[in-house]
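All figures in this text were calculated on a predicted structure; none of them were measured in a lab.
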Amino acid sequence: MAIIGYARVSTLEQNLDTQLDQLEQNGVERLYKEKASGADTRRPELAAMLDYVREGDTVVVTKIDRIARSTKHLLEIVETLERKKVAFKVLNINLDTSTPTGRLMLTMLGAIATFERELMLERQRDGIEKAKRAGRYKGRAPTARRRQAEIVELAGQGVTKQAIASRLGIGVASVYRVLQSVK
């Protein structure tokens, strides 16, 4: 019966320290942490944690949005934990899925989190559209094209496209596009 912690931030620039401190203060014995978008359902550390947990364990997160960004994904995670007879706790709202009230609250909070995210994305799209009309929005800088010389050099050294993508922190499709454009 172990207490397992999961901590996540969305970007490499963000810091996990606050979450790690809170989890440690709540008796977490084993910790899984990653820097990845919550919208990405295929997070390696989340998958490893879900694979690791055993009957009688408890998974603890500091906030509900640290483990999932959609109600569907949240409920899939909780269902996986329930099948394994693992409890789930969210510290900031004192939620515990081992109780019927906790399960109901989890479902409601997941729906609210999804709704808030959709509203935020809608506001973001509206803001971008307004900035485009005003000529102030140019879009994000093309990461892979800026690294074209490095991509071509590594490919010339016989490094695989997947290895180039991993080494430079870009998508493998971007590597293919860059190499295709220089032929």
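Between Gly171 and Ala165 the shortest heavy-atom distance is C-CB, 3.8 Å. Contact record, Ile164 with Ala155: CD1-N, 3.6 Å, taken as the closest heavy-atom pair. Nearest heavy-atom pair, Ile67 versus Met49, reported as atom, atom and distance to 0.1 Å: CD1-CE, 4.2 Å. The shortest non-hydrogen separation linking Arg43 to Ala68 is NH2-CA, 4.1 Å. Between Ser10 and Gln14, the shortest heavy-atom distance links the atoms N-OE1, 2.8 Å. Taking both residues in full, the closest heavy atoms of Arg54 and Val86 are given as O-CG2, 3.3 Å, listed atom of the first, atom of the second, then distance.
Annotation: side chain of Arg103 is in contact with side chain of Leu75 (closest heavy-atom distance under 4.5 Å). A heavy-atom distance below 4.5 Å is found between the side chains of Leu50 and Leu81. In this structure the side chain of Leu168 reaches within 4.5 angstrom of the side chain of Leu154, judged on heavy atoms. Under the 4.5 Å side-chain criterion, counting only non-hydrogen atoms from C-beta, Ile77 is not in contact with Phe88. Counting only heavy atoms from C-beta outward, the side chains of Val178 and Ile170 never approach each other to under 4.5 Å. Residues Lys33 and Gln19 fail the side-chain proximity criterion, which asks for heavy atoms closer than 4.5 Å.
For Asn94, the CG atom counts as loosely surrounded, since its 6.0 Å shell holds 12 or fewer non-hydrogen atoms of other residues, nucleotides or ligands. The environment of NZ in Lys35 is crowded: more than 12 heavy-atom neighbours from other residues, nucleotides or ligands sit within 6.0 Å. Annotation: Glu24, atom CD; neighbour count of heavy atoms from other residues, nucleotides and ligands within 6.0 Å does not exceed 12. Atom CE of Met120 is surrounded by more than 12 heavy atoms from other residues, nucleotides or ligands within 6.0 Å.
One finds no salt bridge joining Arg125 and Glu129 here, because no Lys/Arg side-chain nitrogen approaches an Asp/Glu carboxylate oxygen to under 4.0 Å.
Cluster note: Val172 groups with Tyr176 through ILVMFWY side-chain heavy atoms spaced under 4.5 Å, whether in direct contact or through intervening members.
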So Val152 and Leu179, side-chain contact (heavy atoms from CB on, under 4.5 Å) or not? Walk me through it.
-> CA-CA 7 Å; Val152 171; Leu179 292 174; 4.3 Å; yes
Give the C-alpha distance, both sets of side-chain angles, the deciding distance and a yes or no for side-chain contact (heavy atoms from CB on, under 4.5 Å) between Val90 and Thr97.
-> CA-CA 9 Å; Val90 182; Thr97 63; over 6 Å; no
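Taking CG of Leu74 as the start and CD of Glu76 as the end, the distance is 9.5 Å to the nearest 0.5 Å. Summarising the geometry, atom OG1 belonging to Thr62 is positioned 10.0 Å from atom CG belonging to Asn26; distances are rounded to the nearest 0.5 Å. Here OG1 of Thr80 is found 8.0 Å from NZ of Lys84. Values are rounded to the nearest 0.5 Å. Between the CD atom of Gln124 and the CZ atom of Arg117 there is a distance of 8.5 Å, given to the nearest 0.5 Å. Note that CG of Asp96 and CE of Met105 are 12.5 Å apart. Values are rounded to the nearest 0.5 Å. Within the model, atoms CD of Gln180 and CZ of Arg177 stand 11.0 Å from one another, a figure rounded to the nearest 0.5 Å.
Under a hydrophobic-cluster definition in which Ile, Leu, Val, Met, Phe, Trp and Tyr are linked whenever side-chain heavy atoms come within less than 4.5 Å, directly or via other members, Ile93 and Leu91 are assigned to different clusters. Under the 4.5 Å side-chain contact rule for hydrophobic residues, Val9 and Leu20 share a cluster. Tracing side-chain contacts under 4.5 Å through hydrophobic residues (I, L, V, M, F, W, Y), one never reaches Val28 starting from Leu46; they form parts of separate clusters. Following chains of ILVMFWY side-chain contacts shorter than 4.5 Å, one can reach Val59 starting from Tyr52, so the two form part of one hydrophobic cluster. In the hydrophobic clustering of this structure, Val78 groups with Tyr32; members are Ile, Leu, Val, Met, Phe, Trp, Tyr whose side-chain heavy atoms approach within less than 4.5 Å, directly or through other members.
Between the side chains of Tyr6 and Glu34, a donor-acceptor pair is found at a separation under 3.5 Å.
Put simply, the residue from Leu16, Leu23, Val60 that forms a side chain to side chain contact (heavy atoms under 4.5 Å, CB included) with Leu31 is Leu23.
Side-chain atoms of Lys89 never come within 3.5 Å of backbone atoms of Ser98 as a donor-acceptor pair (strictly under, hydrogens ignored). In this structure, the side chain of Arg66 engages the main chain of Arg8 through a donor-acceptor pair within 3.5 Å.
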